Structures are given as C-alpha cells and as structure tokens.
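Source: prediction; values computed, not measured. As a basis for the values below, the full set of heavy atoms in this structure was taken, side chains included, without hydrogen atoms, waters or symmetry mates. Residue indices begin at 1 and follow the sequence shown.
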Amino acid sequence: MTSTVVEAPSGGLFAERYRALTVGMVALIVLVAFEALAVATAMPVVGRELDGIALYALAFSGALAAGMVATVLGGRWADLRGPVAPLWTGVAAFVAGLVVAGSAPTMDVFVLGRFVQGFGGGIFQVALYVLVSRVYPARLHPRVFSVLAAGWVVPSMVGPLVAGVVVEQVGWRWVFFGVPMFVLPAALLLWRGLSVTLTQDREQETGGRTPIARRLGWAALTAVGAALMQYGGAARGAGLLLLAAGLAVLALSLPRLLPPGTLRAARGLPSVIALRGIAAGTALGGEVFLPLMLTGERGLSPAMAGMVLTAGALAWAFASWLVGRGWFGRALILRAGPAMIALGIALMALTVFPEVPVALAVVGETIVGLGIGSVYPTLSVLVLELSKPGEEGENSASMGIGESVFTVVVVAVVGAIVAAFGATGPVYLACFALTALVALGGALVGNRFRL
C-alpha cells in the first residue's frame, strides 16, 4: 500500500488523532460547495461586465470538462503515489483558478480561470476519497462521508444569498477573491491533521485497468460529449443534433472510464457506480427545473422557490447523519433510497396543478433529500470497500465521472424537452414523470447488489 493506517485508535471523527484532519476536510468541502453555488449567482453580472455573454455557457462547461479530466488524473496519481501530492496540487490549482477568474480583464481570461479552478477541484476531491481510505479505519468511513455530505448544507442555504450581497455591495470579483482567504486556514488544519495521521507515502505499482495516458484521452472525449449534450439540451433547432452527437460520443468513451459492466449494472462494484449516477442524476435533475416551474406556473418568487430547495438540502444532511450512525441497513438503503427519490419527484410534479398546494413540493423535495442523503454516503463507502488495494483512486474517479455524466444526460434530455415543447405545465409534468421513472429504475439496480 502507498499509505498505511496506523493502528485504529478508539474514538470517533473528532477524537484528538483525527480532529484537525476532519475539520480541515469539511472546511474545504464547504468552500467548494459555496463557490459552486455562488458562481451561478454572480455569472450574469460577470457576463455583462466583461462583455462575454457569448462565452457564458463555456464558463460552466469548461470547468466541468476540466474536472472530468482532473478526476481521472487525480485518482490514478493518488493510487500510484499516495493522496498527499495530488491533494495539495489540486488545492493550489483551485485557488489559482479563483484568483485568475477574479482578476480577469476579459471573458477569455475568466473562462481560463474557471478551467484551472475546475481542474484543481477535480484533483483534490478524488484525492480526499483516497485519503479517507488510507487514514480512517473502515468503521468510521460511513461517518466521514456523512460529515462531508453535510458540508454542503450551509452553502446550499446561504451561498446564493451571500454571493448576491457581495456582488451588489463590493463587486463580483470578491466572490472569487474571498474564498482563497478561507482556504488557507482550512489547508493548514488539513496539513496538521495529515502530519499526525498519515505515514510516509511509498510508491506503488498497481494493476490499473487502463494506462493513464489513454485514460486521460477517454476522459477528455467524455468531457466533449458532456459539453455537446449541455449545449444541445439548451438549444433549439440544431440542439437535437448536438444532443444526439454528444450521446454518441459518450456511448463510445464513457465505458472506457467505468468498471466493465457498469452501464448494464453488473453485480458488485459496477452496480454501485451505476446507482450513484442514477441517484445523483435524478435527484439533481429534478431540482434543476423545480424553481422554474414554481415561478412560472405557480407564481412564486425566486426566493420562495429557493426555500423549497433548502428543505431538500436539510433533509440530505439529516439522512446522511442517520446513515453515519448506522440506523439503517445497507440493503434497505440501496432499495429504498432510489424509490424515495422517485416518490419525491412524483409529488413535486403534482404541484403543476393549481389545485395542489405548493407545500406538497416542499414535502416532495424533503423526501428526495432523504433518499439521496441516505444513498450517497453509503455508495461512497461501498466503492472503497469493493476496491482492490491501490485502485481506490481509480474507482473513486470512475464514480465521480459517472455521477457527472449521468447528471448531464438527465438535465440535457429534460432541457431538450422543455426547449422543444415550451415551458408549460404539461411539459413539466412529463419531464418530472420521466425523471421519476429513471429514479425508480435505480431501485432495481440497488436490488442487484449482494451484500
């Protein structure tokens, strides 16, 4: 092994041995989550001030594409050399990208900064998975991933609001300059925790499935396919051609980045990675168009529509907390979690009808949050448990790529339906129904995993 865990001591995540490391990791995740949500708030102002509306979408898809390639690189690097070097490289690139974006004089430079930022985030987030497998004893893995999932809650509630205030009061550039100020203390905590818990890394040759250069090439092609689907899902006319082209590219490249049998949900690790993609894609895909439907069909203000999503974020954190304490068995979670996502989306869909109270959307979003909150950390733990020694990084990277691509596909297909037929009640109802059916299929995939 590249990095070995010293004898597992008694205590939990915040025992003296793990306290600094746990707090440092959570702090980094909170900052990543805040930045992801804040960028969406600041982007309209950025596009106007830099006269770069034409590159608006590229500022998002460029970061996504860079993150996919970086995830592959970071996972393999962590397997071969240990998680420490890719972790610090990723953090440095993430901060550098923020500084470049914040100081950008033109939209071209801003897009470059977003690319560097996405690349850094992709490297260090997959390195964190390998770090968890090497440092914490297996009994603490569910709690680690539950705490990391909870790190998205506060940013989900206050991120857009804080970003909006910053943009209005001091300017959009400080949305990007502000985060690096908090990254430094988080990184110092992480460094202190690593110096206590992690033994010296040793190089290791692993039995990876694909040489890294070829794997990076497939990752780049997958990013191109995802970008084509993003553009195709939002465009009209030639949008369907772009959508089809992107889907064809993904059909060629994605299987090369996932364990064999993932797209047919073969038993074991392939079914775990497939279920992660289905769960994330449907939960997040359902949320994308919910505020649009509530504001357009039910007359809610953007702030009120955002409050509905806050209910889902809180439920996600609560379910993760329960899972981290072993309240439910894995077999139940893998079957019930996707079914809850499907049920929640179906309830959200009913609020298309004026006779149905909007409160039902809050109930539906809460159920979706409980479903994804229980499944998400459970699958993270299973990926590490089912990985051979030295392949934790590669399999974690596969999980991250699968999750990103499944989400892009769901959002692009639903977006294409809305673009083609218009943003009307019946169209929203059809889109929610389609997403719920896909989520229900996830329950069947969960049934294929034998504990």
(message) Which heavy atom of L257 sits nearest to which heavy atom of A219, and what is that distance?
(response) CD1-CA, 3.6 Å

(request) Would you check if the side chain of T262 reaches a backbone N or O of L258 as a donor-acceptor pair within less than 3.5 Å? (result) no

(message) Under the rule for side chain to side chain contact (heavy atoms under 4.5 Å, CB included), what residues qualify as partners of T71, not counting sequence neighbours?
(response) V126, A397, I401

(request) Measure from the ring center of F94 to the ring center of F119 and say whether it is less than 6.0 Å. (result) no

(message) Quick check: do R330 and V381 have side-chain heavy atoms less than 4.5 Å from each other?
(response) yes

(request) Take S398 and R215 through the test side-chain hydrogen bond (donor to acceptor under 3.5 Å, both in side chains) and record every step on the way to the result. (result) CA-CA 11 Å; S398 296; R215 191 168 167 82; 3.1 Å; yes

(message) Please find the pair of heavy atoms, one from E392 and one from V130, that lie closest to each other, and give the distance.
(response) C-CG2, 4.2 Å

(message) Using 0.5 Å steps for rounding, measure from the OG1 atom of T435 to the CE atom of M348.
(response) 8.5 Å

(request) Answer yes or no: is there a donor N or O on one side and an acceptor on the other, between the side chain of N395 and the main chain of S387, under 3.5 Å? (result) no

(request) Would you indicate whether the side-chain heavy atoms of Y376 and F145 approach each other to under 4.5 Å? (result) no

(message) Would you say CZ of F177 has more than 12 non-hydrogen atoms from neighbouring residues, nucleotides or ligands within 6.0 angstrom?
(response) yes

(request) Without swapping roles, check the side chain of R276 against the backbone of G400 for a donor-acceptor pair under 3.5 Å. (result) no

(message) On a heavy-atom basis, which atom in L87 and which in F124 lie closest, and how many Å separate them?
(response) O-CB, 3.5 Å

(message) To the nearest 0.5 Å, what is the distance between CG on L370 and OG on S320?
(response) 9.5 Å

(request) Take T89 and W77, measure what side-chain contact (heavy atoms from CB on, under 4.5 Å) needs, and give me the verdict at the end. (result) CA-CA 11 Å; T89 301; W77 187 1; 3.3 Å; yes

(message) If I compare all heavy atoms of T222 with all of V405, which pair ends up nearest, and what's the gap?
(response) CG2-CG2, 3.7 Å

(request) Say whether, by atom type as modelled, one donor and one acceptor occur between the side chain of R256 and the main chain of L252 under 3.5 angstrom. (result) yes

(message) Quick one, P338 and I278 - any side-chain contact, counting heavy atoms below 4.5 Å?
(response) no

(request) Would you sort out whether L284 and V411 count as a side-chain contact (heavy atoms from CB on, under 4.5 Å), showing the intermediate values? (result) CA-CA 8 Å; L284 299 178; V411 173; 6.0 Å; no

(message) Distance check, rounded to the nearest 0.5 Å: L131 atom CG versus S396 atom OG?
(response) 11.5 Å

(message) Would you compute the distance between atom CG of L347 and atom CZ of F432 and round it to the nearest 0.5 angstrom?
(response) 11.5 Å

(request) Could you grab the distance from atom CG of L314 to atom CH2 of W316, nearest 0.5 Å is fine? (result) 12.5 Å

(request) Run the numbers on M25 and L128 for side-chain contact (heavy atoms from CB on, under 4.5 Å), then give the verdict. (result) CA-CA 8 Å; M25 288 198 303; L128 284 181; 3.8 Å; yes

(message) I'd like to check S133 versus Y129 (side-chain heavy atoms, cut-off strictly below 4.5 Å). Are they in contact?
(response) no

(message) Using side-chain heavy atoms (C-beta onward) and a distance below 4.5 Å, is V438 in contact with T282?
(response) yes

(request) For residues A339 and A443, report the shortest heavy-atom separation together with the two atoms involved. (result) N-CB, 4.3 Å

(request) State the CG-CE distance between L440 and M340, to the nearest 0.5 angstrom. (result) 13.5 Å

(message) Are L31 and V179 packed together at the side-chain level, in the sense that at least one heavy-atom pair is separated by less than 4.5 angstrom?
(response) yes

(request) Might you point out which heavy atoms bring H141 and V132 nearest each other, and give the distance in Å? (result) NE2-O, 3.3 Å

(request) Flag the pair Q125 / L28 as yes when at least one side-chain heavy-atom distance between them is below 4.5 Å, and no otherwise. (result) no

(request) Mind telling me whether W172 and F176 have parallel, tilted or perpendicular rings, with 30° and 60° as the class edges? (result) perpendicular

(request) Measure the shortest side-chain to side-chain distance between L73 and V69 over non-hydrogen atoms and say whether it is less than 4.5 angstrom. (result) no

(request) Apply the test side-chain contact (heavy atoms from CB on, under 4.5 Å) to residues R48 and V45: give CA-CA distance (whole Å), side-chain angles for both, the deciding distance (0.1 Å), then the verdict. (result) CA-CA 5 Å; R48 288 193 297 269; V45 178; 3.6 Å; yes

(request) Check whether any side-chain N or O of R76 sits under 3.5 Å from a backbone N or O of E394 as a donor-acceptor pair, and report yes or no. (result) no

